Amino acid sequence: MSNILRQHNLITHSPDETIVLGAKLAKELKPGSIICLFGDLGAGKTTLVKGFAKGLRLKADDVHSPTFTLLNIYEGKGRRTLYHFDLYRLAESSEIELLGYEEFLYGQGLSVIEWPERLGQLMPKEYIRIELSHRAEFERGISIKEVK
Ligand SMILES: Nc1ncnc2c1ncn2[C@@H]1O[C@H](COP(=O)(O)OP(=O)(O)OP(=O)(O)O)[C@@H](O)[C@H]1O
Ligand SMILES: [Mg+2]
């Protein structure tokens, strides 16, 4: 495992610091990795995804939480495509099967999932688990763990 993945518990003190962390992570993760982001509303999940986009040299400004879609795809060169799932509005896990989501989730690009708990039984078996917590106005706790 790479260095950053070994640092289990981190604290960031600004959105920019969270973006820098996401960029570092994206560079160290193998293509095809799945990252599940746990944390309440406003914990900083989408902010971290902006960092992933930056690390893959995609446009971080394009990253936002889709209001009506469950998946945004940010196309990158070669294997550097980012699949950004936001399952907040998923009513039941079977709904995502209509997306053909497995093709993306288990494909070559980096997949990141906000609100992965909505997947229920469809949760991947292997993933990088990142938990974000709101500690103070600009302070977020970020813990990283590899689940196998
Ligand atoms: N250290 C920090 N890291 C990340 N975001 C921070 C930090 N400090 C303050 N913020 C602010 O917290 C908010 C995080 O919003 P963001 O959309 O990333 O949360 P989210 O977890 O994706 O929420 P949702 O579940 O609604 O999608 C932003 O307004 C951001 O500016
Ligand atoms: Mg979000």
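Only a predicted model underlies this, so the values are computations on that prediction, with no experimental measurement involved.
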Do side-chain atoms of Ser93 reach the backbone of Arg118 as a donor and acceptor pair under 3.5 angstrom?
-> no

Determine, step by step, whether Phe85 and Leu90 satisfy the side-chain contact (heavy atoms from CB on, under 4.5 Å) criterion, reporting the C-alpha distance in whole Å, the side-chain angles of both residues, the deciding distance to 0.1 Å, and the verdict.
-> CA-CA 10 Å; Phe85 293 86; Leu90 194 70; over 6 Å; no

Counting N and O atoms only, with roles assigned by atom type, does the side chain of Arg57 sit under 3.5 Å from a partner on the main chain of Ala53, one being a donor and the other an acceptor?
-> no

Under 3.5 Å donor-acceptor, Glu139 side chain and Arg135 backbone | no

Contacts table for residues 40-47: side-chain donor-acceptor under 3.5 angstrom, sequence neighbours left out:
from: Lys45; atom 1: NZ; to: Gly39; atom 2: O; distance (Å): 2.9
from: Lys45; atom 1: NZ; to: Asp40; atom 2: O; distance (Å): 2.9
from: Thr46; atom 1: OG1; to: Ser65; atom 2: OG; distance (Å): 2.8
from: Thr46; atom 1: OG1; to: Glu114; atom 2: OE1; distance (Å): 3.0
from: Thr46; atom 1: OG1; to: Glu114; atom 2: OE2; distance (Å): 2.7

Would a distance-only check, ignoring hydrogens and angles, find a side-chain to backbone donor-acceptor pair under 3.5 Å from Arg80 to Leu56?
-> yes

Thr12 vs Val20 side-chain heavy atoms within contact, under 4.5 Å = no

Has Tyr106 got more than 12 heavy atoms of other residues, nucleotides or ligands less than 6.0 Å from its OH?
-> yes

Would you say Val112 and Ile130 make side-chain contact, with heavy atoms under 4.5 Å?
-> no

Could you grab the distance from atom CD1 of Ile142 to atom CG of Leu25, nearest 0.5 Å is fine?
-> 8.5 Å

Are Pro124 and Leu119 side-chain neighbours, meaning at least one heavy-atom pair lies under 4.5 Å?
-> yes

Tyr83 side chain reached by Leu71 side chain, heavy atoms, under 4.5 Å | yes

Flag side-chain contact, heavy atom, 4.5 Å: Ile144 against His8 = no

Any side-chain heavy-atom pair from His64 and Asn72 closer than 4.5 angstrom?
-> yes

Mind jotting down which residue pairs meet the side-chain hydrogen bond (donor to acceptor under 3.5 Å, both in side chains) criterion with at least one end in residues 120-130? Sequence neighbours excluded, please.
-> Arg129-Glu131

